[in-house]
Amino acid sequence: MKTPVNKTTLRQHWEYSWWKYFLLIVLSLVVWNLVYTVTAYRPPADKKVDFYVSSAAADQDELNTYLENIRTTEMPDMEQMISVILTNDAYYGTMQLATYIAAGEGDVYMLDGDTFQQYATSGAMLPLEGYQNLVDQAEAAGISVDKGWRTESDSGERHLYGIPASLLTGFVNYGIDPDNMYLCVMCNCGNDDMAVKLMQCMIRDMLPAEETATPTDLATATDTK
């Protein structure tokens, strides 16, 4: 015999089965989010330059505004330029950074001295000495690029893997203390030239006014060796 549908039976059904509807809604949201995440458009590596900075106090919104301005005014061929803030936590931060680098994520990195030493000597960073415009600009700004040279452990080769950022005090406006920090490019990021160009923009923009480097033609930033 069929159960009649009325207020009493509906109330009883809801009392015993409400969790099924709740679970159905949750599962629907999870599936929708998964589908969106998997199918969402992602710019190819040569159309994005992302800035990963090891500073928990960094203002991500302000950094993204700065990067978007660079993208629209000086690097319009890029589809994405965003910042990612890395935690300074000794345990979680180390795992987070290792995961990003192993996955090939990020282009320009700003790392503390010890972390830079670790990844530069392991061959994870791009040699920069071939980008003469970058080297000339840094030296014109009074930056001692000699401090960015490291010896790669396996090959024994010595390269300029990073640009010391201590003089780039403009980063303080974005919540980043540049003391003992290094700007570097991840090896095989997929967009080496544009990553170096962003570094040049940062050197130009983050120097204090009285120490601004001799203007460098950023259009030729990708000239190498």
Side-chain angles (χ1 to χ4, degrees), residues 49-55 58 63 66-67 70 83-86 88 93-94 97-98 100-101 104-172 174 176-208 211-218 220-225:
V49 183
D50 295 335
F51 177 45
Y52 283 47
V53 55
S54 181
S55 176
L63 277 174
Y66 167 73
L67 292 172
I70 294 295
S83 64
V84 175
I85 311 305
L86 306 173
N88 288 338
T94 300
L97 178 59
Y100 281 140
I101 291 181
E105 296 186 25
D107 300 280
V108 178
Y109 275 78
M110 190 173 186
L111 304 173
D112 65 82
D114 290 340
T115 305
F116 167 69
Q117 170 75 14
Q118 175 186 348
Y119 283 99
T121 56
S122 67
M125 298 303 168
L126 177 73
L128 300 173
E129 65 269 19
Y131 292 88
Q132 194 60 49
N133 286 335
L134 172 67
V135 175
D136 290 345
Q137 181 188 15
E139 291 180 337
I143 296 173
S144 177
V145 296
D146 291 345
K147 295 180 179 179
W149 287 78
R150 294 292 187 278
T151 300
E152 203 269 312
S153 300
D154 292 337
S155 67
E157 296 181 0
R158 188 168 177 80
H159 295 286
L160 176 63
Y161 285 115
I163 301 297
S166 297
L167 295 182
L168 305 180
T169 54
F171 276 114
V172 173
Y174 299 90
I176 303 169
D177 181 1
D179 188 46
N180 193 37
M181 299 286 274
Y182 290 80
L183 286 170
C184 45
V185 176
M186 191 189 72
C187 188
N188 300 322
C189 70
N191 204 5
D192 299 347
D193 292 343
M194 292 297 100
V196 170
K197 185 171 181 176
L198 175 59
M199 287 179 64
Q200 287 195 267
C201 292
M202 288 180 168
I203 292 173
R204 177 198 65 199
D205 298 338
M206 300 304 171
L207 281 169
E211 298 180 18
T212 301
T214 302
T216 300
D217 183 5
L218 293 178
T220 61
T222 58
D223 290 347
T224 60
K225 295 182 181 179

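Screening residues 179-205 for ring-ring contact (aromatic ring centres under 6.0 Å, His included), with sequence neighbours left out, gives F116-Y182.
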Assess whether side chain to side chain contact (heavy atoms under 4.5 Å, CB included) is satisfied between F171 and V53, documenting all intermediate values. CA-CA 11 Å; F171 276 114; V53 55; over 6 Å; no

Please lay out, stage by stage, how C184 and Y109 fare under the test side chain to side chain contact (heavy atoms under 4.5 Å, CB included). CA-CA 5 Å; C184 45; Y109 275 78; 3.9 Å; yes

Start with the C-alpha distance between V108 and L183, add both sets of side-chain angles, then the distance that settles side chain to side chain contact (heavy atoms under 4.5 Å, CB included), and finish with yes or no. CA-CA 7 Å; V108 178; L183 286 170; 4.2 Å; yes

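Q118 CD to L97 CG: the interatomic distance, rounded to the nearest 0.5 Å, is 7.5 Å. Note that NZ of K147 and CG of N180 are 9.5 Å apart. Values are rounded to the nearest 0.5 Å.
By the 4.5 Å heavy-atom criterion applied to side chains, L168 and I176 are not counted as neighbours. Side-chain contact between V185 and L198 is absent, with no heavy-atom pair separated by less than 4.5 Å. For the pair L63/I85, a side-chain contact is recorded, criterion being any heavy-atom separation below 4.5 Å from C-beta on. For the pair L67/M202, a side-chain contact is recorded, criterion being any heavy-atom separation below 4.5 Å from C-beta on. Residues I101 and M125 meet the side-chain proximity criterion, which asks for heavy atoms closer than 4.5 Å. Between Y119 and M186 there is no side-chain heavy-atom pair separated by less than 4.5 Å.
For Y66, the side chain to side chain donor-acceptor pair (under 3.5 Å) test picks out D205, with sequence neighbours left out. Scanning for side chain to side chain donor-acceptor pair (under 3.5 Å) contacts around E157 gives H159, with sequence neighbours left out.
Side chain of Q137 to main chain of Q200: a donor-acceptor pair is present (N/O by atom type, distance under 3.5 Å, no hydrogens or angles). Side chain of T121 to main chain of T151: no donor-acceptor pair is present (N/O by atom type, distance under 3.5 Å, no hydrogens or angles). Side-chain atoms of D107 come within 3.5 Å of backbone N or O of D50 as a donor-acceptor pair. In this structure, the side chain of S54 does not engage the main chain of L86 through any donor-acceptor pair within 3.5 Å.
Counting all heavy atoms, side chain and backbone alike, L167 lies closest to G142 at CD1-O, 3.4 Å. In this structure, G123 and C187 approach most closely via the heavy-atom pair O-CB, 4.0 Å. Between E105 and Y52, the shortest heavy-atom contact is OE1-OH, 3.5 Å. Across all non-hydrogen atoms, the minimal contact from M110 to A165 is CE-CB, 3.7 Å. For the residue pair V49 and A195, the shortest heavy atom distance occurs at CG1-CA, 4.0 Å. Heavy-atom minimum distance, G148 versus P164: N-CG, 4.2 Å.
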